[in-house]
S.K.: 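Just passing along the structure, written as structure tokens.
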Amino acid sequence: MHVSLFKNSPRIQALTSRPFLAIEQPRWGRPPLAPLDSSKDKIVFQQVDIEDTGAYEKPAIRMYGVTQEGHSVLAHVSDFLPYFYIAMPRGFVDEDRESLRLKLIDMCEGRHGVHSIKVVKKRSLWGYKGDDMVMFLKIVFADQRSLTRIRDKWECEFKDLFPEPIQTYESNISYTLRFMVDRKVTGMNWIEVPAGKYALRSRQSSNCQIEFDVRYDAFISHEPEGEWSKMAPLRILSFDIECAGRKGIFPEPQIDPVIQIANMVTRQGGESAPFIRNVFALNDCADIVGSQVLSFKKENDLLIRWRDFVEEVDPDVVIGYNIANFDLPYLMDRAVALKVQDRFAFLGRLKNVRAKVKDTHFNSKAYGQRNSKETVLDGRLQLDLLQVMQRDYKLRSYSLNAVCAEFLGEQKEDVHHSVITELQNGTRESRRRLAIYCLKDAYLPQRLMDKLMCLVNYTEMARVTGVPFNYLLSKGQQIKVISQLFRKANEQDYIVPAMHSEGSDEQYEGATVIEPKRGYYPMPIATLDFSSLYPSIMMAHNLCYTTLLDKTMIDRLKLVEQVDYVRTPNNDFFATTNRRKGLLPTILEDLITARKRAKADLKKEKDPFKRAVLDGRQLALKISANSVYGFTGATIGKLPCLAISSSTTAYGRQMIEATKEAVEAEYSIKNGREHDAEVIYGDTDSVMVKFGCSDLETAMALGSEAAAFVTGFFKQPIKLEFEKVYFPYLLINKKRYAGLYWTKAEKWDKMDTKGIETVRRDNCRLVSTVIETCLHKMLIDRNAEGAIEYAQRTIAQLLQGKIDMSQLVITKALSKEDYAGKQAHVELAARMKERDAGSAPALGDRVAYVIVQGSKDDKAYEKSEDPIYVLENNIPIDTKYYLENQLSKPLLRIFEPVMGSRANSLLAGEHTRTIKKDTPKTGLMKFAKKLPTCLGCKTELRGKWQSKPNISAVCINCKPKLGSLYQEHINNASALQVAFARLWTQCQRCQGSLHQDVLCTSKDCPIFYRRKKAQKDVAEANLILERFNTTDW
DNA sequence: TAATGGTAGGGGAGGAAAAATTGTTCTTAC
DNA sequence: TAATGGTAAGAACAATTATTCCTCCCCTAC
Ligand SMILES: Nc1ccn([C@H]2C[C@H](O)[C@@H](COP(=O)(O)OP(=O)(O)OP(=O)(O)O)O2)c(=O)n1
Ligand code: SF4
């Protein structure tokens, strides 16, 4: 008995010439719901979004979710109160404690928002102090704000009772996470509310189909295992907006209208194609097969109807590309500008709560620094695919175009915003064109999400680490560790001290990188490495907060070295498992189990793309595990403990050294082996061994034997693995090498390159492709001469300007706001900001630039320029820079080890002679006009020819050849024309229509650069032909 | 315009150019 | 304000410093 919300809505009226009749409406809403009987029916749902009511309300939690049948749920969870612990002052006996408690109660009663104070038996997480429980005061607050106030003002409020500063415990965890930890709720898990335990709300505050109240302790939270690892049929809305900006200015919501909003809705786990595809368009728009076009005369109506649409579709997940920083804020601001915010802003599931745009800032070493916006849509998850890409994939460019090219294998046209305005102001056909473009942009994020399995993988991460889904994109690694730590700690009555950590400038000592024996190795090099080194060290040696010891405690408890505790190579002490098993090792076991599961899936999968996705999933879990170690070393973190992190690295240093020694000692002639093995390199947890044999099989056999042999020296679960052989192997420097990667003797797997230009993003494509090709020729084809030849050919092409510009674009991240020195990408970003602030790169973005010709001593930062700008203004490229500053050194580095000083010949010689290069004119020469030359013999045409109004094609001497010359140029021009037409058609195909103009100006598409160049070539050729026409025959 | 000693070479000052060093930044390998 | 996993390391540039080289000038020997 489904009733469209649209039909009931009094706001809905016929707005356009094509009336928006409810009867025509497909059913956008959720499946109908049979009435529930709260005394008989239980409610089971997958919780997707959790939020608290805020610091100023009565504390409560809202859990939003979806049932297996696809009904939306909102659970108001009540009676869960925030709290923290404080340690009892030293030396208190029972009576002291009770009197302290009573005094405190006395002071707090009726004030301070304190709900209750209890004495509880707990133990501090920090340090091993025997197994006795200790008394703590648990102070429960009536609301969040009171907790914060008392915590921060403890000293002045209670200085009579507590003259000494006190240590609080668990006072710095957010209310939501506190609730999740206590009730064992993890992100995206299933919740079961038994019959009789909930009360349906008669007056709903939300648009959810099922809305009820439940006490915090009256529901069951299912661990995401077995049956409960399923997913509910989440409804996913993907959308994209288009705005009509003014020429050369990025659209501004105060001025420029929203003209189209395209939407795709799919069901998670259902059919892959969207079951709703539509576009809300301003002004009329021709029909589009397979999509619904909703036209509006007024922008106000468009916005409001779109909001109604969102309400009816009621998506659980809202996705798009850059929706967090562009689409959503733009819509919100636009609604304000049009004064319809009172009707528009209700995009979440709560009826009376407006969505608000907040500025946020994120800063971490791994993800960089970034300013962004956040628009909370209560009850709806957001997954901005741009943010996903930026976090999970290292790409040269993160434009939708570049990302699609990378993952979907197709280009996406990019229409400049001023062209969008033209299309909008054109006909209903041109608006249709725009709508198709917009629909595509709404569909692509959907496809990306499916293909990269974002939802599934993030859900797994949320479940493994316990954090809410939305933390995964908005927060860092720390919160995951904290979530796990609290869960494990509280299970065993540990409580976590709230530390106020000050950061330190000094770094502690990390891992060893073995000094490489640089060179080219035409023999197999076996690689042994420890699996999950740091986690396994922490597990093996039981490193944890709860096992940390100091000398005095050892003496007091009369602990025995090696039996009860160990001294780490960093001279810290930790209790052994004989005494107590640490929490961190337990957390790590869980993470590593999850990783093993992912690796097993990876092993089964054959499809290379899916393998890559699974590999990403596996890697993400590995990073989470390594972040447990990182967390203990984060001095600006919630619970730094350098004893743990430094000891871990110290063990690691010891182990790599020991491994090297063991392998070299065991596999030596002295020890009866055929050759002396040599460790030629190693980094942190790996050793590259030259066993001395020349064949793969032996190397592999020795490798796996050695791995097992060395593993025997270490404690469980430390394990040295033999994984691969490099053959041949090119070792350039620390953290820089390449090799052919073999895991089986029959056939190599791939070419592997580490650290060198092919895997770096801060050089131009030309460099990485040239290096890649040369390495391919050297390592796979074993043809160094061919590699040289190829390199020389490329250099010649570069100097002749035959390399197309897309190959020369360099990108670098804009990683901070204030730079100490001047840099090419920073200076360009500043210049672009002057041209058009809206479209200029922002903090965290990657700046694309090319180096253009300048005068002699110009610094690189004076010669960097926006590729599009270069193309439009026909600025010459500094090819010399590309040869000398981009290509030459990397080339020398890879050729040197193979052919020694002969490599220098690469950069000198015939091919480096420039054929014809327009040197930039300086000074007075700037104004000197180039004389036209004869098309036959290139002599300058001057004298009497110059006086003619039109330039003749040839000089007097070549006049007889005029006919054949003309033919030649005709042929040339038509060849160019054909080349251009081919590119043009390719672009038409890309944009999905062979009958329309190509409008695309995609910075990230090589075709675009080639098309532009071809266009220019044709124009030039035609200009020359023109000269024949004006010549007297 | 008029009047004038020339050449070689050491050595220091000053400045330019090239080289080395340092510091910053980006990005990657673990 | 709150919040931000870790260290090691290569490489490119810009900026700085130290070094070399060159020129000019002064002076002297012959
Ligand atoms: N992002 C990372 C990567 C690595 N490491 C540290 C901890 C790792 O244990 C060690 C070795 O790194 P590997 O890349 O070899 O990864 P693992 O040894 O952890 O995993 P495996 O070798 O099983 O893939 O370096 C780290 O702290 N953070
Ligand atoms: S340049 Fe052509 S091929 Fe490339 S994205 Fe644009 S339209 Fe597509």
Side-chain angles (χ1 to χ4, degrees), chain A residues 148 152 172 174 359-370 394 396 465 471 474-482 485 500-501 503-504 506-516 529-530 532-534 619 622-642 644-646 648-650 652-653 656 681-686 732-737 752-763 767 810-816 818-827 846-847 851 857 859-862 864 881 884-886 888-890 893:
Chain A
T148 324
D152 297 343
N172 54 358
S174 76
D359 285 318
T360 62
H361 183 82
F362 187 86
N363 181 6
S364 99
K365 243 203 93 190
Y367 299 132
Q369 213 181 146
R370 184 155 252 129
K394 303 219 168 254
R396 290 185 123 95
T465 60
Y471 280 22
S474 61
K475 305 201 171 199
Q477 296 289 345
Q478 176 159 231
I479 196 73
K480 299 188 201 170
V481 180
I482 287 185
L485 188 62
H500 24 273
S501 56
S504 104
E506 281 130 66
Q507 288 194 321
Y508 61 89
E509 191 178 351
T512 311
V513 183
I514 296 175
E515 190 59 40
D529 72 339
F530 290 100
S532 302
L533 179 68
Y534 286 7
L619 240 40
K622 158 177 155 181
I623 289 174
S624 291
N626 287 337
S627 297
V628 172
Y629 144 76
F631 174 77
T632 64
T635 49
I636 24 137
K638 281 251 168 73
L639 206 62
C641 179
L642 293 197
I644 298 176
S645 46
S646 302
T648 307
T649 57
R653 291 193 296 274
I656 191 174
Y681 179 57
D683 186 345
T684 310
D685 70 335
S686 66
I732 294 166
N733 216 334
K734 283 184 175 176
K735 300 193 186 281
R736 307 217 151 196
Y737 58 83
D752 200 20
T753 53
K754 289 285 163 78
I756 50 189
E757 283 67 22
T758 48
V759 296
R760 298 188 64 86
R761 299 174 291 168
D762 52 358
N763 51 33
V767 174
I810 302 168
T811 68
K812 275 202 176 90
L814 200 58
S815 68
K816 42 161 73 181
D818 291 307
Y819 279 86
K822 299 187 166 181
Q823 284 184 81
H825 65 297
V826 182
E827 296 297 298
R846 296 187 69 80
V847 185
I851 299 295
D857 289 329
K859 301 270 183 240
Y861 64 79
E862 294 168 295
S864 58
Y881 174 89
E884 289 173 1
N885 297 51
Q886 288 278 125
S888 76
K889 282 184 184 165
R893 279 196 292 264

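These figures come from a predicted structure and were not determined experimentally. So that the names make sense, note that chain A is the first sequence line, chain B the second, and so on, each numbered from 1.
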S.K.: Tell me, please, the opening and closing nucleotides of DNA chain B, 5' to 3', among those with an atom under 4.0 angstrom from a non-hydrogen atom of chain A.
M.R.: B/dT24 to B/dC30
S.K.: Could you work out, with side chain to side chain contact (heavy atoms under 4.5 Å, CB included) as the rule, every residue matching A/D685, not counting sequence neighbours?
M.R.: A/D529, A/F530, A/L533
S.K.: Expressed as a whole number of Å, how far does the P atom of B/dA3 sit from that of C/dC30?
M.R.: 34 Å
S.K.: Can a donor-acceptor pair be found, under 3.5 Å and without considering hydrogens, that links the side chain of A/R653 to the backbone of A/E509?
M.R.: yes
S.K.: Between A/Y861 and A/K859, is there a cation-pi geometry (under 6.0 Å to ring centre, at most 45° from the normal)?
M.R.: no
S.K.: Classify the nucleic acid contact of A/S627 as base, sugar-phosphate or nothing, counting any heavy atom under 4.0 Å across all strands shown.
M.R.: base
S.K.: Pick one for B/dT1: is it syn, with its angle within 90° of 0, or anti?
M.R.: anti
S.K.: Considering every strand and a 4.0 Å limit on heavy-atom distances, what is the contact class for A/G630: base, sugar-phosphate, or nothing?
M.R.: base
S.K.: Which part of the nucleic acid does A/N885 contact within heavy-atom distance under 4.0 Å: base, sugar-phosphate only, or nothing?
M.R.: sugar-phosphate
S.K.: Which is true for A/Y534 with a 4.0 Å heavy-atom rule: it touches a base, it touches only sugar-phosphate, or it touches nothing?
M.R.: nothing
S.K.: Partners of A/R846 by salt bridge (Lys or Arg N to Asp or Glu O under 4.0 Å), sequence neighbours excluded?
M.R.: none
S.K.: Quick one: A/Y737 OH to C/dA11 C1', roughly how many Å, whole number?
M.R.: 18 Å
S.K.: Could I get the full list of side chain to side chain contact (heavy atoms under 4.5 Å, CB included) partners for A/K394, not counting sequence neighbours?
M.R.: A/R761
S.K.: Indicate, with a heavy-atom threshold strictly under 4.0 Å, whether A/V628 touches base, sugar-phosphate, or nothing.
M.R.: nothing
S.K.: For A/D683 and C/dG10, give me the distance from atom CG to atom C1', rounded to whole Å.
M.R.: 12 Å
S.K.: Between C1' on C/dA9 and CZ on A/R893, what's the gap in Å once rounded to a whole number?
M.R.: 13 Å
S.K.: When we call it a touch if two heavy atoms are under 4.0 Å apart, what does A/Y367 touch: a base, just sugar-phosphate, or nothing?
M.R.: nothing
S.K.: Closest to the A/Q886 side chain: C/dA8, C/dG6, C/dC13?
M.R.: C/dC13
S.K.: Just how far, in rounded Å, is C1' of C/dG6 from NZ of A/K365?
M.R.: 7 Å
S.K.: Could you check whether any side-chain heavy atom of A/Q886 comes within less than 4.5 Å of a side-chain heavy atom of A/I851, counting everything from C-beta outward?
M.R.: no
S.K.: For DNA chain B, what is the dot-bracket line, given that a base pair needs Watson-Crick (N1 to N3, plus N6-O4 or O6-N4) or G-U wobble (N1-O2 and O6-N3) geometry with both distances under 3.5 Å, and | means paired with another strand?
M.R.: .....||||||||||||.||||||||||||
S.K.: Measure from NZ on A/K859 to P on C/dT16 and round the result to the nearest Å.
M.R.: 11 Å
S.K.: Would you indicate which nucleotide in C/dG6, C/dA12, C/dG10 comes nearest to any side-chain atom of A/K889?
M.R.: C/dA12
S.K.: Between A/N733 and C/dA9, is there a side-chain N or O to OP1/OP2 distance below 4.0 Å?
M.R.: no
S.K.: Tell me which donor-acceptor pairs under 3.5 Å the side chains of residues 632-639 of chain A have, and how far apart each pair is, sequence neighbours excluded?
M.R.:
| unit_1 | atom_1 | unit_2 | atom_2 | d |
| --- | --- | --- | --- | --- |
| A/T632 | OG1 | A/Y629 | O | 2.6 |
| A/T635 | OG1 | A/S504 | N | 3.4 |

